[in-house]
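Following: one structure in structure tokens, then a few remarks.
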Amino acid sequence: MSVWGKLFSAVRGGINEAAESAADTQALRILDQEIRDADNALRKARSDLAGIMASAKALGRRVDEARAKDQKDLESARAAMAAGREDLARQLADRMSRNRADMARDEAELQRLQGAQAQMLRAVQDTETRIQTMRREVESVKANESLLQAQSAIASSHAGVNSRLGSAMESLERVKRRQEAVAGRLEAGAELQALQSGSSLDQALLEAGIGGPRSSSDDIFAEITRSEAPKSISHEQPNATITYQPKP
């Protein structure tokens, strides 16, 4: 394939992808419109079904009335024959014939209406089920689309947060290292100062128990005992001075 052919194929592929992307973007809107159209058609079907059901009920009542009238005329004709009025019986027979012909037509129409009613009722129920299924699928697709968008946003934000956190952690480590260095310099300065003043030697002597004040309870008791001990009494007589007196 020539270079121009490849470029043409690439351009055509890009156009197809753009068209598909646009169609996908409008898919939910298209589905919503299709559901609305189906709802409108379903409402029209329900209205037609209601009309058929009303006609069937009216025709059914007329058939029932015709059957009741036929039964009543039959009983009246039998009563007329029993009474010897054959003329009345024949008139009733003529009316029953016309009534039964009308009743037969009404019964046929009633059966047709009942068949159409059952068929339309099944169609309405199937359409309702399909619309409900489509509506649930659309809601599921919308929820998934929102979830995917949220996950994409979170993933993008998470990448930025990780980058910022990495920079923050590096800064924190630098702060820690600087603090440790400052603390080390301060400790070294304190040690040098102690060596120059001799306090480190005094501290070592105190830690060894040499020198320093002794303030244990035994030491204090010994001090008290020494201060309160009675003085020893001397039994030696003082030297007497002897004076020589000459005799008279």
Side-chain angles (χ1 to χ4, degrees), residues 15-154:
I15 294 174
N16 291 334
E17 290 179 358
E20 291 178 356
S21 177
D24 291 340
T25 303
Q26 301 298 324
L28 295 178
R29 184 177 299 175
I30 293 171
L31 286 174
D32 288 337
Q33 184 60 45
E34 289 179 351
I35 290 175
R36 286 193 292 269
D37 294 341
D39 282 332
N40 293 332
L42 181 61
R43 282 193 292 271
K44 179 64 168 57
R46 287 173 177 170
S47 178
D48 294 341
L49 177 60
I52 292 175
M53 293 175 67
S55 298
K57 287 182 178 180
L59 192 56
R61 286 193 296 269
R62 191 166 68 185
V63 170
D64 291 338
E65 292 174 357
R67 289 173 180 171
K69 184 178 180 181
D70 181 78
Q71 183 65 29
K72 182 178 180 181
D73 287 345
L74 179 60
E75 293 175 354
S76 297
R78 289 174 177 173
M81 289 296 294
R85 297 294 305 270
E86 183 177 352
D87 55 334
L88 295 177
R90 286 187 177 275
Q91 292 177 9
L92 289 172
D94 291 339
R95 190 171 71 178
M96 289 174 62
S97 176
R98 292 191 300 270
N99 182 46
R100 286 184 178 182
D102 294 339
M103 186 172 60
R105 289 192 298 270
D106 290 342
E107 287 177 346
E109 180 63 16
L110 179 60
Q111 289 180 358
R112 188 189 67 80
L113 289 176
Q114 288 176 345
Q117 175 181 327
Q119 183 178 1
M120 184 170 288
L121 181 60
R122 287 192 300 269
V124 168
Q125 292 174 345
D126 292 341
T127 303
E128 289 177 347
T129 302
R130 287 196 297 270
I131 290 175
Q132 291 175 358
T133 301
M134 183 179 294
R135 185 176 285 113
R136 286 193 297 267
E137 290 180 355
V138 169
E139 294 298 328
S140 177
V141 170
K142 287 181 179 179
N144 289 334
E145 185 69 16
S146 300
L147 179 61
L148 290 175
Q149 292 177 357
Q151 289 176 342
S152 298
I154 291 173

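Counting only distance, with no hydrogens or angles, the side chain of Asn144 and the backbone of Ser140 share a donor-acceptor pair below 3.5 Å. At least one donor-acceptor pair closer than 3.5 Å links the side chain of Asn99 to the backbone N or O of Ala66. A donor-acceptor pair under 3.5 Å links the side-chain atoms of Thr133 to the main chain of Thr129, judged by distance alone.
Of all the heavy atoms in Ile131 and Leu42, the pair that sits closest is CD1-CD2, 3.9 Å. Shortest non-hydrogen contact noted between Ala89 and Ala77 is CB-O, 3.8 Å. Scanning all heavy atoms of the two residues, the minimum distance from Gln117 to Ala56 falls at OE1-CB, 3.7 Å. Closest heavy-atom contact between Val138 and Ile35: CG2-CD1, 3.7 Å. Of all non-hydrogen atoms in Val63 and Met103, the two that sit nearest each other are O-SD, 4.1 Å.
Here Lys69 does not pair with Asp102 in a salt bridge; the nearest charged N to carboxylate O distance is not below 4.0 Å. A salt bridge links Asp48 with Lys44; the closest basic N to acidic carboxylate O contact falls under 4.0 Å. Ionic pairing of Glu65 and Arg61 is not present here: no N-O contact between side-chain nitrogen and carboxylate oxygen is shorter than 4.0 angstrom.
From Thr127, atom OG1 reaches atom CD of Gln132 across 11.0 Å, with rounding to the nearest 0.5 Å. Separating the NZ atom in Lys72 from the CG atom in Leu74 is a distance of 13.0 Å, to the nearest 0.5 Å. Here Met81 contributes atom CE and Leu88 contributes atom CG; the two are 11.0 Å apart, rounded to the nearest 0.5 Å. Distance check: Asp73 CG to Leu92 CG gives 5.5 Å after rounding to the nearest 0.5 Å. Here the CZ-CG distance, from Arg36 to Leu31, works out to 10.5 Å after rounding to the nearest 0.5 Å. One distance of note links CZ of Arg122 with CG of Leu49; it measures 11.5 Å at 0.5 Å rounding.
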Dump the intermediate steps for side chain to side chain donor-acceptor pair (under 3.5 Å) on Asp87 and Gln91, then the final yes or no. CA-CA 6 Å; Asp87 55 334; Gln91 292 177 9; 5.2 Å; no

Met53 and Met120: CA distance, side-chain angles, deciding distance, side-chain contact (heavy atoms from CB on, under 4.5 Å) verdict: CA-CA 10 Å; Met53 293 175 67; Met120 184 170 288; over 6 Å; no

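Looking at Glu107 and Arg67, their side chains come closer than 4.5 Å, going by heavy atoms from C-beta outward.
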